Amino acid sequence: MSPITVLLVDDEPLVRAGLRAVLEAQPDIEVVGEAADGAAVIPLVRQLKPSVVAMDVRMPLLDGIEATRAVLRTVPEPPKILVVTTFENDEYVYEALRAGADGFLLKRARPAEIVHAVRLVAEGESLLFPASVRQLAAEYADGAGGGAARSVMERASLTGREAEVLRLMARGLSNAEIAARLVVGAETVKSHVSAVLAKLGARDRTQAVIAAYESGFVRPG
């Protein structure tokens, strides 16, 4: 199986060195490059084609929010994006998720948590830190584009089962856990998740869950 390839983007060399040391200790993860600012991300993504970009949310020239938008706007098959942050309850983090990031990681995270986050984001079958996403949504979702999100949700016309799957996704359940909860096969759940993403125009489950919170379809808490 091909390794998960990672591009590290942070203006602090010590942070990049620490992440590199943790990730390269894993047999299934390879760090393929580094950058000190979001402005360097697009050419490196095109050149290196990483599976995951681990990117600081706050950088001097181009921050992680704008870099995320730029990558998703200009790269045909964009990597998963994991924003790295000092503070968990940060509006910058929520804006990065709204911009299209797939999850976030705290700089103080333990090595095992860092590795788990990279693997989970690469796989894309679970929501990373669902309780924290709910907390961010509770604080920042109101007024952050709720009207547009409600319109998208209304136009999506989710079936009853798709709506149920979206609610379970928002609680952080994986495809396997949703299958067990609904007593259906894993492939059936995968089909429902794909349908939800397509109807919402979401690139992944994180974006679908953000839309669910912002529209009021799912209430934080």
Side-chain angles (χ1 to χ4, degrees), residues 4-26 28-38 40-41 50-69 71-72 78-141 144 169-174 204-210 213-214 220-221:
I4 299 168
T5 53
V6 180
L7 172 64
L8 303 176
V9 187
D10 196 294
D11 60 328
E12 297 181 36
L14 282 176
V15 172
R16 297 199 307 273
L19 289 172
R20 178 182 279 274
V22 168
L23 295 174
E24 290 200 327
Q26 305 302 313
D28 60 330
I29 300 176
E30 177 186 357
V31 176
V32 293
E34 295 185 19
D37 195 87
V41 169
S51 315
V52 177
V53 177
M55 181 158 52
D56 191 6
V57 75
R58 296 175 186 256
M59 291 177 286
L61 297 179
L62 191 70
D63 65 29
I65 300 169
E66 291 305 320
T68 295
R69 290 192 181 112
V71 167
L72 298 182
K80 301 291 187 178
I81 297 177
L82 182 63
V83 292
V84 184
T85 179
T86 303
F87 305 107
E88 182 174 10
N89 190 18
D90 186 343
E91 189 172 5
Y92 274 77
V93 173
Y94 192 71
E95 285 302 314
L97 295 176
R98 291 186 72 236
D102 302 276
F104 68 93
L105 176 66
L106 293 175
K107 290 187 178 183
R108 65 176 183 272
R110 297 188 298 271
E113 292 173 328
I114 295 169
V115 171
H116 175 68
V118 168
R119 287 178 178 148
L120 200 64
V121 164
E123 292 165 1
E125 290 204 352
S126 290
L127 186 68
L128 185 59
F129 304 136
S132 296
V133 172
R134 283 197 294 272
Q135 184 178 352
L136 286 166
E139 187 155 356
Y140 300 116
M169 286 165 57
R171 291 173 56 185
L173 274 66
S174 67
D204 59 29
R205 65 201 301 137
T206 302
Q207 304 313 308
V209 168
I210 292 294
Y213 282 126
E214 292 203 335

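Counting begins at 1 with the first residue of the sequence. Treat the numbers as computed from the prediction; the structure is a model and nothing was measured.
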> How far does NZ of K80 sit from OG1 of T206, to the nearest 0.5 angstrom?
Replying inline: 7.5 Å
> Could you walk me through whether V53 and V71 pass the side chain to side chain contact (heavy atoms under 4.5 Å, CB included) check?
Replying inline: CA-CA 10 Å; V53 177; V71 167; over 6 Å; no
> Which value, rounded to the nearest 0.5 Å, describes the distance between R205 atom CZ and E125 atom CD?
Replying inline: 7.0 Å
> Would you say Y213's side chain and A170's backbone share a donor-acceptor pair under 3.5 angstrom?
Replying inline: yes
> Under 3.5 Å, is there a donor-acceptor pair between the side chain of Q135 and the main chain of P130?
Replying inline: no
> If every non-hydrogen atom of L127 is compared with every non-hydrogen atom of L120, which pair is closest and at what distance?
Replying inline: O-CD2, 4.2 Å
>> If the condition is side chain to side chain donor-acceptor pair (under 3.5 Å), which residues does S126 pass it with, not counting sequence neighbours?
In response: none
> Mind checking what makes salt bridge (charged side-chain N to carboxylate O under 4.0 Å, His left out) contact with R110, not counting sequence neighbours?
Replying inline: E113
Show me the donor-acceptor pairs within less than 3.5 Å that the side chains of residues 8-23 make with the rest of the protein, sequence neighbours left out.
residue	atom	partner	partner atom	Å
D10	OD1	E12	N	2.8
D10	OD2	K107	NZ	3.3
R16	NE	E34	OE1	2.8
R16	NH1	D10	O	2.6
R20	NE	E34	OE2	2.7
R20	NH1	E24	OE2	3.0
R20	NH2	E34	OE2	3.3

>> According to side-chain contact (heavy atoms from CB on, under 4.5 Å), who are the partners of T5, at least two apart in sequence or on a separate chain?
In response: E30, V32, P50, S51
> How far apart are the C-alpha atoms of L128 and V121, what are their side-chain angles, what is the distance that settles it, and do they pass the side chain to side chain contact (heavy atoms under 4.5 Å, CB included) test?
Replying inline: CA-CA 7 Å; L128 185 59; V121 164; 3.8 Å; yes
> Considering all heavy atoms of both residues, which atom of R58 and which atom of D56 are nearest to each other, and what is their separation?
Replying inline: O-OD2, 2.7 Å
> Sequence neighbours excluded, which residues qualify as salt bridge (charged side-chain N to carboxylate O under 4.0 Å, His left out) partners of R119?
Replying inline: D28
Let me have the donor-acceptor pairs involving side chains of residues 60-67, under 3.5 Å, with sequence neighbours excluded, atom names and distances please.
residue	atom	partner	partner atom	Å
D63	OD1	I65	N	3.0
D63	OD1	E66	N	2.9
E66	OE2	R69	NH1	2.5

>> Tell me every residue that passes side-chain contact (heavy atoms from CB on, under 4.5 Å) with T85, counting only those two or more places apart in sequence or in another chain.
In response: V57, D90, V93, F104, L106
>> Quick check for you: to the nearest 0.5 Å, what is the distance between Y92 atom OH and T86 atom OG1?
In response: 12.5 Å
> Considering all heavy atoms of both residues, which atom of A99 and which atom of L72 are nearest to each other, and what is their separation?
Replying inline: O-CD1, 3.4 Å
> In a check of side chain to side chain contact (heavy atoms under 4.5 Å, CB included) between I81 and each of T68, L97, V52, V41, which one passes?
Replying inline: T68
